[in-house]
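The structure appears below as structure tokens.
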Amino acid sequence: MSPITVVEGRRLSLTNLDKVLYPETGTTKGEVLHYCTTTADVLLPHLHDRPVSFLRYPDGPDGQRFFTKNVPPGAPSWVKSCEVPHSRSGPARQVLLQDLASLVWAANLVVELHTPQWTCGAPGVADRLVFDLDPGAPATIVECCTAARWLRDRLAADGLDAYAKTSGSKGLHLVVPIEPTPADRTTAYARTLAVEAGVALGELVTHKMTRALRPGKVFIDFSQNAAAKTTATAYTLRARPLPTVSTPVTWDEVAACTQPGQLTFLFGEIAGRRARYGDLHAPLLGVDRARPVPRGARRSA
């Protein structure tokens, strides 16, 4: 029988806790659940009121992986959800992970956690701006750091603060707290900066999604600001060969990065980083750092 645990008064059946999900490190499902539980105090605030999309990988990153936005069949009645508009299929309900019990339930499904740049109270009205910096081999996260520093300075020129985290895969994410702004405006602004970066940094970056243009360059993906798009949430485990985490990092770490391994963090390293830095993305949770998105793009020098 599957063990039953009680989390915040909710009974949960946890399955296959000894199953190895990450063969390269021998990491088990039980260890993944322990990570989510012990990281919940910093993970949950970044999920709060944001409809969650799941990338499920129940047999590990080498097994079947599938993306789902709808509430999974069999979800407990106490797991909260919200109605989310979809342009093609009409409204649907998506999960909200508002508490520890819901997070443990989701972790038992073995999932990456992805969220939009808006909350369920204002669908399509963003309170965050995001840039996904994706390196095309032989470029690595080292080149992403150069592009990220340029974007940080460019955003600062418009009065905006940027916070960096690893994607948990190959690249970097920059997240910017903003005053509530329609997603089409944030996407247009992000595209403008991505184009400017291509001019300023020459052959280092591209804003075009065409894969033939991306080898050796950093693709600045501004499209994740679109209302229908989502981004890996800070502190989520990723379905990669190693149990890597989308990890907030300091700008000093970004500036000092000369080897990809310097900005690769496994789940076992997160507790130590939290003890040292706290939650580096905590400023995204308040309104005091939010600034308006410029209506007209400033032409960079």
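Computed from heavy atoms alone, side chains included, the values below leave out hydrogens, waters and symmetry copies. For reference, positions follow the sequence shown, starting with 1. Just so it is clear, the model here is predicted, and its values are computed rather than measured.
Aromatic ring pairs are classed by plane angle as parallel below 30°, tilted from 30° to 60° and perpendicular above 60°; the pair H46 and Y235 is tilted.
The 12-atom threshold is exceeded at NZ of K19, counting heavy atoms of other residues, nucleotides or ligands nearer than 6.0 Å. The 12-atom threshold is exceeded at CG of D288, counting heavy atoms of other residues, nucleotides or ligands nearer than 6.0 Å. K69 NZ: more than 12 foreign heavy atoms inside a 6.0 Å radius.
Salt bridge present: D134 and K170 bring a charged side-chain N and a carboxylate O closer than 4.0 Å. Ionic pairing of R152 and D161 is not present here: no N-O contact between side-chain nitrogen and carboxylate oxygen is shorter than 4.0 angstrom. Taking 4.0 Å as the cut-off between side-chain N and carboxylate O, R50 and D127 count as a salt-bridged pair. In this structure, E196 does not pair ionically with R191, as no charged nitrogen and carboxylate oxygen lie closer than 4.0 Å. Ion pairing between R291 and E179 fails under the 4.0 Å rule for side-chain N and carboxylate O.
You'll find the side chain of Y57 stays beyond 4.5 Å of the side chain of D62, heavy atoms only.
Within the model, atoms CD1 of I178 and CD of Q117 stand 8.5 Å from one another, a figure rounded to the nearest 0.5 Å. Interatomic distance, L129 CG to D158 CG, rounded to the nearest 0.5 Å: 10.5 Å.
Taking the six-membered ring for Trp and the full ring otherwise, F219 and H207 have centroids separated by 6.0 Å or more.
Within the cation-pi definition used here (under 6.0 Å to the ring centroid, within 45° of the axis), R56 does not qualify as a partner of F67.
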